[in-house]
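Read through the structure below, which is laid out as structure tokens, and then see the notes.
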There are 2 protein chains.
Amino acid sequence: MAYTLHRGDALTVLSGLGSDSVDAVITDPPYNSGGRTSGERTGRTARAKYTSADAAHDLSNFPGENRDQRSYGYWLTLLLTESYRATVESGAALVFTDWRQLPTTTDALQAAGWTWRGIASWHKPVSRPQKGRLKQSCEFIVWGTKGPVDPDRHPVYLPGLYTASQPRKGRVHITQKPVEVMQELVRICPEGGTVLDPFTGSGSTGVAALREGRHFVGVELSDHYADLAERRLQRELTRDDFELAGPEE
Amino acid sequence: MAYTLHRGDALTVLSGLGSDSVDAVITDPPYNSGGRTSGERTGRTARAKYTSADAAHDLSNFPGENRDQRSYGYWLTLLLTESYRATVESGAALVFTDWRQLPTTTDALQAAGWTWRGIASWHKPVSRPQKGRLKQSCEFIVWGTKGPVDPDRHPVYLPGLYTASQPRKGRVHITQKPVEVMQELVRICPEGGTVLDPFTGSGSTGVAALREGRHFVGVELSDHYADLAERRLQRELTRDDFELAGPEE
DNA sequence: CCTCAGTTTGAATCTAAGA
DNA sequence: CTCTTAGATTCAAACTGAG
């Protein structure tokens, strides 16, 4: 298995990728959510929006959270359009989103040419309860394919609900996804194929891909997170070479 | 506890309901999904769409499944607008939907004046796996309130994920919801308050409301299902009188 | 290696005060 | 007025560390 990590803006890097060069796009774009007013959504940092006021941790901020609603949809469409071009026929796209951006995400996916196939839920057992409300304990995975599903070429059965808490020990990103969830999801890509994640962050998608025998192509804008991802991906390869066992963080 | 069951078209009956007369609207409208083309969606009956050809059960068909996409959204907006009028300030609406109609449902809810508050998931563990795909094992509950949430008047904490299989034994409606899920959801209505369900079907929402100490107002167009619902609701009241314990179906 | 008690915190959400 | 910042809320999972 091998990986490539591009440093730079997702749209710019994607437009340089070859057509039909990846088998699946699995990514967690900035949600651009978190606030009732436009000012609250666009004028605050991700850290200010998404970390509890009483949290003691000191995780780094991440960029891309300052678009208004209209331009968020437009930008996501452009991004998914370039991803579509880079993906082979009958390849899949899996896009994380929260409840607020779910309709925008399904619109963008379809506008970009993908055939929308469904919505899966990621349930986080540890989430803040709210008086007088239903808890927001799920994030969502909007998914689609480039053209028809080809079940014979890649006969995999995946769940529609994933339950896992965010990593706590060794967590390095505010919105870091659990590797065990990503390991299930990367199986939508055929073994030996290539997974693309235009928003690599700390690299959980890549780690999962390598562990499951898929190649990985990532893009990350922030140097801080690109360094982190590089380290985690490198360690994964080394571990692979020496056939070490045992769980990572 | 008491219930009222209106027989007739939901929109017509709702427009006759008094303003601010109910505390929560909890309903499962016809999804109008289940086909990729407009022809597939509108040309087949609900029974043909939602049951396998070899299913042994003999569930009655239900109407309201023949709208095209645009008019489905329009109709749902009208319905939620009338429901909004009938609901007290800070009352809640909980609307079931499948993945295909989710964006239309959040649009309709907001167009009708409700403040959209979130999306909860209902997970059905027993659902058909699909080769090359993520399983569609979740339906969704889009919810909102009429104006601000009033957590002090009604301090309840509800989950964001509900897990239960569709009733199999004793199931009388194609899309019948598990009573245990509905019993959790009706708690969004203050105790002693009134729950409205414009698509009563076999009456699971009403049964749950009565069991949890809420009044119930239902509307059902089909005589077949209205009779069934009437019987189940009546039995619930009788059981209540004699204080019988133990599970139903 | 287990149990048990104690601690921490969440892609939240809202109010009130300050600038 | 608007925009920003600080503070309060609260359940349960997941982790810590002692015995």
Side-chain angles (χ1 to χ4, degrees), chain A residues 27-69 72 76 95-102 104-105 121-142 162-182 199-202 204-205 222 225 247-249, chain B residues 90 92 115-121 143-145 147-163 184 187:
Chain A
T27 195
D28 182 33
Y31 295 169
N32 218 96
S33 228
R36 285 161 303 172
T37 65
S38 165
E40 278 182 323
R41 276 191 299 272
T42 61
R44 295 188 300 162
T45 62
R47 205 180 125 73
K49 286 193 283 189
Y50 302 133
T51 53
S52 301
D54 52 0
H57 65 69
D58 188 27
L59 298 176
S60 187
N61 192 29
F62 61 89
E65 282 275 338
N66 306 295
R67 294 175 178 89
D68 73 19
Q69 187 59 36
Y72 179 77
L76 192 57
V95 185
F96 279 84
T97 182
D98 75 346
W99 65 274
R100 272 180 266 242
Q101 298 295 11
L102 205 156
T104 302
T105 305
S121 299
W122 168 35
H123 176 239
K124 297 174 287 183
V126 181
S127 42
R128 180 154 289 202
Q130 307 272 336
K131 201 196 273 189
R133 296 161 186 256
L134 281 73
K135 207 154 56 150
Q136 306 295 6
S137 52
C138 290
E139 288 185 33
F140 302 96
I141 302 154
V142 170
Y162 302 80
T163 300
S165 290
Q166 251 204 350
R168 296 186 70 171
K169 246 175 50 177
R171 179 160 148 240
V172 289
H173 194 285
I174 299 178
T175 70
Q176 190 168 332
K177 300 290 172 282
V179 174
E180 62 265 33
V181 169
M182 303 315 296
F199 303 97
T200 296
S202 55
S204 301
T205 306
S222 136
Y225 285 118
E248 198 201 11
E249 59 271 39
Chain B
S90 91
T115 305
W116 180 27
R117 297 288 179 184
I119 303 174
S121 298
W143 80 283
T145 57
V149 175
D150 189 347
D152 298 320
R153 189 178 69 101
H154 183 41
V156 68
Y157 292 86
L158 290 176
L161 175 73
Y162 301 81
T163 301
E184 293 222 67
R187 295 174 53 222

Dump every N/O contact between nucleotides 11-16 of chain D and the protein below 3.5 Å, one line per pair.
residue, atom, partner, partner atom, Å
dA14(D), OP1, S165(A), OG, 2.8

**Report entry** Protein-nucleotide distance (L134(A), atom CG; dA12(C), atom C1'), rounded to Å
**Finding:** 14 Å
Query raised in the report: Looking for any heavy atom pair under 4.0 Å, which part of the strands does Q130(A) touch: base, sugar-phosphate only, or nothing?
Result: base
Report summary line: F96(A) meets the ring-ring contact (aromatic ring centres under 6.0 Å, His included) criterion, sequence neighbours left out, with none
**Report entry** Value in whole Å for how far the C1' atom of dT5(D) lies from CZ of R47(A)
**Finding:** 14 Å
Query - Separation between the C1' atoms of dA12(D) and dC14(C), rounded to whole Å - result: 22 Å
**Report entry** Polar contact flag, side-chain donor to acceptor under 3.5 angstrom, S33(A)-D98(A)
**Finding:** yes
Requested in this report: Measure across S121(A) and C138(A) and return the closest heavy-atom pair with its distance rounded to 0.1 Å.
Outcome: CB-SG, 4.4 Å
Requested in this report: Give P29(A) one of three labels, base, sugar-phosphate or nothing, depending on what nucleic acid heavy atoms sit under 4.0 Å from its own.
Outcome: base
Enumerate all atom pairs, one protein N or O and one N or O from nucleotides 14-18 of chain C, separated by less than 3.5 Å.
residue, atom, partner, partner atom, Å
dC14(C), OP1, R133(A), NH1, 3.4
dC14(C), OP1, R133(A), NH2, 2.4
dC14(C), OP1, R117(B), NH1, 2.6

Query raised in the report: Taking CD1 from I174(A) and P from dA11(C), how many angstroms apart are they, rounded to a whole number?
Result: 10 Å
Query raised in the report: Where do S204(A) and M182(A) come nearest, in terms of heavy atoms and distance?
Result: O-CB, 4.2 Å
Query raised in the report: Between H57(A) and dG10(C), does any side-chain N or O lie under 4.0 Å from OP1 or OP2?
Result: yes
Query raised in the report: Rounded to whole angstrom units, what separation is found between the CD atom of E139(A) and the C1' atom of dA12(C)?
Result: 12 Å
Query raised in the report: By centroid distance (under 5.5 Å) and plane angle (under 30°), are Y50(A) and dA12(C) in a stacked arrangement?
Result: no
Requested in this report: Could you check how far OH of Y31(A) sits from P of dT13(C), rounded to whole Å?
Outcome: 13 Å
Query - ring-ring contact (aromatic ring centres under 6.0 Å, His included) involving F62(A) - partner list, sequence neighbours excluded - result: H173(A)
Query raised in the report: Q176(A) has an atom CD; how far is it from atom P of dA11(C), in whole Å?
Result: 12 Å
Query raised in the report: If every non-hydrogen atom of A164(A) is compared with every non-hydrogen atom of V181(A), which pair is closest and at what distance?
Result: CB-CG2, 3.5 Å
Report task. Whenever both distances are under 3.5 Å in a Watson-Crick or G-U wobble pair, mark it; put DNA chain D into dot-bracket that way, with [ ] for crossing pairs and | when the partner is on another strand. Result -> .||||||||.|||||||||
**Report entry** Qualifying residues under ring-ring contact (aromatic ring centres under 6.0 Å, His included), relative to W116(B), sequence neighbours excluded
**Finding:** W99(A)
Query raised in the report: How is F140(A) classified with respect to the nucleic acid when contacts are heavy atoms under 4.0 Å: base, sugar-phosphate, or nothing?
Result: nothing
Query raised in the report: At under 4.0 Å between heavy atoms, what does R41(A) touch on the DNA or RNA strands: base, sugar-phosphate, or nothing?
Result: nothing
Query raised in the report: Roughly, in whole Å, what's the span from NZ in K49(A) to P in dA12(C)?
Result: 10 Å
Report task. Measure the distance from CG on D150(B) to P on dT9(D) and round it to the nearest whole Å. Result -> 17 Å
Query raised in the report: Looking only at side chains, do Y31(A) and E139(A) share a donor and an acceptor under 3.5 Å apart?
Result: yes
Query raised in the report: Between the side chains of Q136(A) and Q130(A), is a donor N or O closer than 3.5 angstrom to an acceptor N or O?
Result: no
